[in-house]
Each structure stands twice: as structure tokens, then as C-alpha cells.
Amino acid sequence: MSDLLRGLNPQQLAAVTLPPQHALILAGAGSGKTRVLTTRLAWLISTNQVDPAGVLAVTFTNKAAKEMLTRLSAMLPINTRGMWIGTFHGLCNRLLRAHYRDAGLPQLFQILDSADQLAAIKRLLKALNIDDEKFPPRELQHFINAQKEQGIRANAVEAWDGYVRQRVELYEAYEQQCQREGVVDFAELLLRSYELLSRNEPLRRHYQSRFRHILVDEFQDTNVLQYRWLKLLAGDGACLFCVGDDDQSIYAFRGADVGNMRDFEREYRVDNVIRLEQNYRSHGNILDAANAVIKNNLSRLGKNLWTEAGAGEPIRVFEAMSDGEEARWMVEEIKALVRDGHSRAEIALLYRSNAQSRILEHTLFSAGLPYRVYGGLRFFERQEIKHALAYLRLIANPDDDTAFARIVNFPPRGIGARSIEQLQDAARAAGSSLHAAIPAVPGKAGATLAAFAALIEKLHEAIELPLPELVEHAIELSALRSHYLTEKEGQDRVANLDELINAASSFTAEEGRVGEEGELAADLASFLSHAALEAGEHQAGEGDDALQLMTVHSAKGLEFNAVFISGLEEGLFPHENGIKEDKGLEEERRLMYVAVTRARQRLYLSFAQTRMLHGQTRYNMPSRFIEEIPAGLVKWLTPKIKVQAPGGRQVHTGVDSYRPTTRAQSGIGFRIGQSVKHAKFGPGVIVNAEGGGNDARVQVNFGKAGMKWLALSVAKLDAA
DNA sequence: ACTCATTAAATTTTT
DNA sequence: TTTAATGAGT
């Protein structure tokens, strides 16, 4: 037991050994958050304060849940199987599977991922003959999810105007469609299990008395409904132990509500919030920079990271002429790092938006540096896998129209748009699923459809097979394999289909129930849930020791010896869409905070004067976030103050072997891309010019002050 | 039913 | 630039 607590700092120890009470742990980046969470769990169990079955621990990602389980089993000789440790969605799924009748769901209900949900909405709009110009499917999806994430059903939405009312009707119709098809989307998993517990008192009491301790990871990312779910489950008896960092809340756009932290503190009278501020990850300069940046945010619970490690190296800042130059500089710098013995896998290239990865990839590829990009397609999201899964879903539930529509004509079997339209009309008229409406379609189309129905029927007969064989059977019988074999570039897809069979094998092995009679259908259902809830690894890159490329969002929770943050420009990072709303800017800043705190030893920041975006050259100002870092922590690799010499030549004083020495002149005394200064609008960059002589006008991006056209004969514009 | 061409739109995304 | 989604043509 004392082993368990060894090496914890005072705050960590206090958090881990807190007596049974509600607790809020403010855990800064790199402060040992996961360790505290798992040690708390182990300590509670090993001191017999709670039975393993009396604990519920919830995370956001499967990775985090798995990590917690692994660490826990390393600390304690207990069987973690059967413990309620998982993601919100995973636990809700478990709850709904166990009580599907009470929840009003079919036993083998299927889970729609975001793409499935969007497809279902499009199908709905088409069936209702609704103009998708007026109701863009994506927007509607967002609307529905936003309501659900606040726990609001269609009948409870406050419809201010006609437009909202129409969307509420569609929300309602969507709900009916899902119910008829026996499918639930991600948000529905949460909402449905919340409603299940809140309406079913015996059930609620059962779980409330079972769980004595509820531990929550990444609490700052919970949405309104998740917090209510936690409160409901905790009841009056359980202790809520919430760990989070308001400064790392970067998912507000997805419904996460940092306000939950304050609410929790208030509602549960948490009087001693424990702050984990000692950082074990980064050198001092990096932490100081992060602290300085985040200080500009007004709405914070307050926290200041410190470290026992030394100041370390300065933060290196590079100003490039163009995005291409920025990328080439990064390559040179990376090569130098690797020469100095850094492993490539310990170097991360971070960016605000995915579009920026292209030029980086291109440049790295040319330089022959191996890299791995996160954020691509994941295994269970691949087209061929989704197709195969759709067949499996139809085996489990023929009324799953989303699955049906996906594969009714894939591989192509002569069922065209016309036939499908007829079928949809028939289904609509009968109020039935597409599958059930097949007999109602007359003529040749009806016959082709009937053949498809026969295929489904035949597949269904195989439900008694063990899962891996069932998967293989479906892939064969559906002709998916033969279809991809004939395709030119189908080899990878066939390989993935084989991989799906493997996945089914290892899934059955891990679940540990090798085909008990009558459990086979349940096996299929849980495999399908697994596929929906754990989309699998992101696309794997080649090479073991590869550079890590990812967005700042996906870097959360990771750390690297050296980190490059590129594209630090106004409009990009902070992103222009985030600057518009005042809350948006604070979220952008938290994003910067997350990015900076990924670095252990070395941090590079870079920006470019010109950048190709959407096929057009853009001229951006340096990001305000660079200025927010105290100058003393920073080493500019390019001169910070540029001196404009006669003849348009760039004169500089610092170390700079990358900068070209000449630039094109426009002939009006200013050039596009030039930094200028205006008495009223402040510093800016010239992005466009027209006319000449007395009529010359230039367009200037003043960043904070916006974009202006200025006549040179009138405006007082100086070279900066 | 499939291919080609045009058009519009374009952050971030744990489940 | 690039992608996805439509429409025309084969």
C-alpha cells in the first residue's frame, strides 16, 4: 500500500487519499493527472473503502480508459474485467444493453456513428421531400445533437420562430425514424440512458447504491447532459471525484461546457479544490510561456504551472517568407535535431488545421524524412469495412435502413436510383422499413429487390456461426471480396476485409465468451457496438521512428521532446472563425496553451508572411499569441525588427540563412506582403494593390482592425 | 448505371 | 488547392 503512494507530491497525495467526499482536482498539463486518478482508484480499493464493483470511472476516449485499466491491474492484483471503467458512451451502451426493454430499444439495437447519422438525416429529408438547401443536413445534424446534448427532446425545444419550429419537426421525425429502425446515435446513447435512470426509480436506486465512488477524467470536456448523467448516477450517496483542467478545454464547439467545473464546485460545495501545479514534463521556459499566454484569458479557475527542472532552452521563433520556406526550414531544423541524436518519433509537428499538413508532408517526403500523420481515416471508418459491417448489421436487424441503403446496390446488382425511390415510397406508405417494403414493389425492380432480400435472408441463416466465420461468410456471400478483387486498386481493401475477420477473432477471444449457445446474436451486436464506439487506430504511417504530424486538438494528452507549432498567424491560429466570437478567442488561446505544453525540452514557433490557402495567396499578420510570450523567453531565429533599406532590399541583423535577399517591387513604393504601419489602424500587411501614381490604392490587412483599402495619396502609411 | 465535368465550399472532432 | 456533391452525357 505504501508502495502505491510512494513518490507522490503533497498535492497528489492529498488528492489520492482524500476522505470520502466530493472533490475537484485541477490538474495542469503534465502534472500527473492520470497517475492521480488511477492511484486514487487503487487506494480506495486496496484500503477496502470500496469494492471494485462499487467504482465507476469514466473517460472520454477508449485510449484513456484502457490506460486506466492497464495501470490499475499493474498496481493491484484484481480482475478488472467487469469493472465499470470506460467512456461515457461505452458505459451508456452497457447500461442500455442490460436494460434494453426498459429503455424501449430492441435487443440488438445498432449504433450510428456521425457519418451514419448524417446519412440517416439525408435519407429522412429526401423521404419528406424537404429542400436540403433550406435545411442543410450538416446543420440539422448539429442542431439535433446540440439539443440532445442539453437533454432536450423535440417536444421540449423552445421554438422561437418558424425556422426553429421546422427544425424541431425534423428532429421529431428523425427520432421516429431511428426508433423504427432500432438505431441510436452517439448523443442518444447518453440521453436514452439518462432518461432510463431518471424515469425508472428501482433501476436508479440500484445503480445509485451500487456505485460509491465515481471518478471522472477530463471533466472540463463534459457537456451539460453528461454532467447531469453523473449527478443522477451519484445520487445522494456516491462521491464524485472530478479531474480536469479548465485551461485545456478545447471542445466547446462540440458542446463541452467548462461551466460544469464551476457548477460542480458550487453545487457540491467543494470547498478545497486541489490544484496539481507541479509539472513533470516541460522545462521552465516552456511553462513560463504557457502561463504567460493563458494569463490573457479572463474566465479561469486559476492555476500556475511550475517545475523543478531548469529553465532549459529558449523558445525559438522563426519568421518565414512563405509557407514553403517555413516547411523547408522545419526540415533543416529537424535534420539537425536528428543528427544530435533526437529520435524522430519524439518530434511533433503541430498545426491548427489539417489543410496545413499538405505542404509539410510534401516537403518531408521530398527530404526523405519518415513521418506519420494522425487524423486520417480510421479502420472502422473505411468504406469497405463500413460496407461489410452494414451486411452484418442487416443480419442483426433487417430494419436498419441506414445499413440497408448503404449496400442495397453495393456491390452493384442493378438496383438503381429509380428502384430505390420506388422502394422508399412503398416504405413510406406502409410506415415500414425498406426491407419490409420490398414485397410491395412491383415489376422488374421488385424482382431484383426480392433477390437482394433473399441474400439477406440467407445471411441471416448463418447467425449461428461463430462471429469470425459469420464475418467471413458475409464478406463472401455479399460478393464484397470478389468485387474488390476485380477493382484496380482493391488489393488494400481486400486486405482490410481480411483484417476485419481477424478483428472479429481477437474480439471474441478478448471478450472471453467463445460461442455459448444463444449468445451468438449478442456477440454480433457487441462486436458491432465495438466497431461503432472504437473506430480503431488512426491510419498507420510507415516506419517506426517517424515524425509525428497532427492538429493541436489531437495532440492533447501527448508529449514530445521537441515540438514545432507552425502557422502561427492571425486568422489561422487564432483561427478567423474563432476570433469573431469573444469566447472563441479564449478557446483558441487554450488551444495554444495545449500546444505549448506538449513540449518537454524544445519548442519552435513559426509563421509565414504568405501562405497558400484555398488556392489563393494570403498575407497574414503574426499571431498575437507570439507577442503574448515574454520576450525574455524567446530567441528569434529571424530578426524581429526588419529594416527596410533603399532599393527594397531586406537588411537584417540576425542569423538567417533562409531568407532570400531580394523581393519583387510593385513600383508604388510598397509591395504586396510588406509590413506597414498606419497611425490609426496600427500595424498591417499589404495584401493587394491597384492603380498607380496618384490613384494608387493598397489593401491592407490590419489584423485586429480588419481589412482596409487605402489610397496612398491620402492615407498615412509607413513601412514598418 | 457509370464517367466526366462543373460548382461550391472549405476549423478543430475524444464517441 | 482539394474535396464532395450535382448534373449532363454516354
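Protein chains get the first letters and strands the later ones, always in sequence-line order, with residue 1 at the start of each.
Base contact: Glu588(A) has a heavy atom under 4.0 Å from a base atom. Within the nucleic acid shown, Tyr251(A) comes within 4.0 Å of at least one base atom, counting heavy atoms only. Residue Leu91(A) is classed as having no contact, given no heavy-atom separation below 4.0 Å to the nucleic acid. Contact annotation for Gly557(A): no contact, since no heavy-atom pair falls under 4.0 Å across all strands.
Within the structure, side-chain hydrogen bond (donor to acceptor under 3.5 Å, both in side chains) pairs that include any residue of residues 241-250 of chain A comprise Asp245(A)-Gln248(A), Asp245(A)-Lys303(A), Asp247(A)-Arg300(A), Asp247(A)-Lys303(A), Gln248(A)-Arg598(A) (at least two apart or interchain).
Between the CD atom of Glu381(A) and the C1' atom of dT14(B) there is a distance of 12 Å, rounded to whole Å. dT14(B) atom P lies 20 Å from atom CG of Asp245(A), rounded to whole Å. Following rounding to the nearest Å, Glu576(A) (CD) and dA10(B) (P) show an atom-to-atom distance of 11 Å. The nearest whole Å value for the distance from the NE2 atom in His575(A) to the P atom in dA10(B) is 11 Å. A straight line from OH of Tyr351(A) to P of dT12(B) spans 10 Å, rounded to a whole angstrom. Counting to the nearest Å, the C1' atom of dT12(B) and the NE2 atom of His142(A) are 12 Å from each other. Rounded to an integer number of Å, the gap from CD of Glu133(A) to P of dA8(B) is 10 Å. Remark: C1' of dT13(B) and CD of Gln117(A) are 13 Å apart, rounded to the nearest angstrom.
In this pair, His89(A) does not lay its aromatic ring on the base of dT15(B); centres under 5.5 Å and planes under 30 degrees do not both hold.
For Phe241(A), there are no ring pair (Phe, Tyr, Trp, His ring centres under 6.0 Å) partners two or more places apart in sequence or in a different chain. Taking Tyr100(A) as the reference, nothing meets the ring pair (Phe, Tyr, Trp, His ring centres under 6.0 Å) condition, with sequence neighbours excluded. Scanning for ring pair (Phe, Tyr, Trp, His ring centres under 6.0 Å) contacts around Phe135(A) gives Tyr163(A), with sequence neighbours left out. Listed by chain and number, the residues in a salt bridge (charged side-chain N to carboxylate O under 4.0 Å, His left out) with Glu188(A) are Lys148(A), Arg153(A), Arg192(A) (sequence neighbours excluded).
We find that Arg378(A) and Asp113(A) are not joined by a salt bridge, their nearest charged nitrogen and carboxylate oxygen being 4.0 Å or further apart. Salt bridge Lys386(A)/Asp116(A): present, at least one basic N to carboxylate O contact under 4.0 Å.
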Footprint string (nucleotides 1-7 of chain C, 5' to 3'): B base within contact, S backbone only, - free, heavy atoms under 4.0 Å
BSS-S--
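Listed pair Asn354(A) / dA10(B) fails the phosphate criterion, with no side-chain N or O lying under 4.0 Å from OP1 or OP2. In terms of phosphate contacts, Ser554(A) brings a side-chain nitrogen or oxygen within less than 4.0 Å of OP1 or OP2 of dT13(B). Contact between the side-chain N/O atoms of Thr551(A) and the OP1/OP2 oxygens of dT13(B) is found at a separation under 4.0 Å. At dT15(B), one or more side-chain N or O atoms of Arg378(A) fall inside 4.0 Å of OP1 or OP2 (strictly under the cut-off). Note on Asn62(A): a side-chain N or O is less than 4.0 Å away from OP1 or OP2 of dT15(B).
Which of dT11(B), dT15(B), dT12(B) sits closest to the side chain of Thr61(A) comes down to dT15(B). Closest to the Pro412(A) side chain, of the nucleotides dC2(B), dT11(B), dT15(B), is dC2(B).
Looking at Gln110(A) and Asp400(A), their side chains never bring a donor and an acceptor atom within 3.5 Å of each other.
Summary of the strand contacts: Arg352(A) and Glu534(A) both lie near DNA chain B, and taking for each the nucleotide with the nearest heavy atom, the more 5' one is attributed to Arg352(A). Both Phe253(A) and Ala535(A) lie close to DNA chain B; mapped to their nearest nucleotides by heavy-atom distance, the more 5′-ward contact belongs to Phe253(A).
Base orientation at dT11(B) is syn, since its O4'-C1' glycosidic dihedral falls within 90° of 0.
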